[in-house]
Amino acid sequence: MAGKLAINGGTPVRTRPFAPRETMGEAEKRAVNEVMDRGQLSMFFGSPGPQFNGGRTVRAFEDAWCERFGYRHAISVNSWTTGLAACVGAVGLGPGDEMICSPYTMSASASVAIQYGAVPVFADVDPVSFCLDPASVESRITPRTKAIMAVHIFGGTADMAGLRAVADRHNLRLIEDAAQAPGATYGGSSIGAQRDIGGFSLNYHKHIHTGEGGVIVTNDDDLALRARLIRNHGENIVEGFGVEDLTNMVGSNYRLTELQAAIGIVQLSKLDAIVERRRQLAARLIERTSPLAPLTPPATDPNGSHVYYVFAWRYDENVLGVPRAAFAAAVRAELPEPATSDDLAMGEAYVKPLYALPMYQRRIGLGSSGFPFNYHPDADLDYRWGICPTVERLWERETLLTALVRDPLEEADIDDLANAIEKVVENASELRPLAAA
Ligand SMILES: *Cc1c(COP(=O)(O)O)cnc(C)c1O
């Protein structure tokens, strides 16, 4: 006999698809066309002179970013992965250095260290914020530690007071990967440049986008200059800027185009409304799912704010006696088939802890001889399973997340999601129980 749950042949809560994200409007098209009419699609020059920092649209975009968030410098880049590399280069990481990073993030947050011949060392996260735990960070410091990479994951803020204190005590650089949290604040000021340098992604999946792109932010004049030099063939131009310290001044081409900057200016003007909508939807989802015993909705740091890149719960499999995978599959079955990742109603796990990637397990980074992992033969780099128990638990059993806290969805859509979750909780006896230990 068919059960009540859709996964067992019952009637689903909803089959009508969710409205797709509509990210580009008439204003973006007009802005792009203005650049097209000028025909100057990029105005960077990789040599000294007024165009070293790009054309007028790129510079207007950077000025707008500074004005909106209160940073002294905003430096646009062609992706946030290249932006992260410029940050790591600007703070001076090199062979032999260690950078402490969360393993619960996109791979580039950590791998940019390797691009400079340094190595990431992984610290555990706090189970409530999903972000680096300052005490775990401090326990991983060695004489070779040079920087901390703080990631504001899922749109919530890391414990910046705690991480700043660790960085201050040990004289470390503090870089922020704020790809998922544009518009978030900590202690009343915008994240990204809370101490040294950091920034944001503008890829399609982020709150606002330019297709691909990113923005580095800092209040430090020296770091800003070094990031600009790395963005645009630094080796060719250091003398023009009187730069004596050549550390990492071999540059690249990380330049954003005028077309993307034009889109970015319009997108930035939409950020507040996008964040506001996400907060309203998240508030509704918190209200609806807080009473459900197996789920703990995300919390906001009392000093920070949350912009809900995704909405992540912690799931306790022991409450219903149902494994997470079976619970999530049952919720998905109650809702329409996702057309794209924007419609993911109930995802599991997020990324596998980064140290499990083959690159760390086999210690093959640059070239094939083991560099940079073998640079200090006596450094005791540990990438074994077990080093970050909280992350491993979150990944294996606890994290559930939805991408549906997004525009143009409405509270009625969130209610359908909440109804689906509630239905699965109420009828959990239909699901395969946890294997007896
Ligand atoms: C998206 C993302 C990146 C990379 O940004 P790109 O612009 O895609 O290169 C880095 N870190 C985190 C946490 C991200 O979410």
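Counting convention: from 1, in listed order, for ligands and their atoms alike.
- The pair Glu98-Arg144 meets the salt-bridge criterion, since a charged nitrogen lies less than 4.0 angstrom from a carboxylate oxygen.
- Taking the six-membered ring wherever Trp is involved, the centroid distance between the rings of Trp313 and Phe311 falls below 6.0 Å.
- Within 4.0 Å of ligand 1, protein heavy atoms belong to Ser79, Trp80, Thr81, Thr105, Met106, Ser109, Val151, Asp177, Ala179, Gln180, Ser201, Asn203, Lys206, Gly213, listed by chain and number.
- Scored by the side-chain hydrogen bond (donor to acceptor under 3.5 Å, both in side chains) test, Ser190 finds no partners at all (sequence neighbours excluded).
- Centroid-to-centroid, the aromatic rings of Tyr315 and Phe327 come within less than 6.0 Å.
- In Gln361, the CD atom is crowded: over 12 heavy atoms of neighbouring residues, nucleotides or ligands sit closer than 6.0 Å.
- Between Phe154 and Tyr350, the ring centre distance stays below 6.0 Å.
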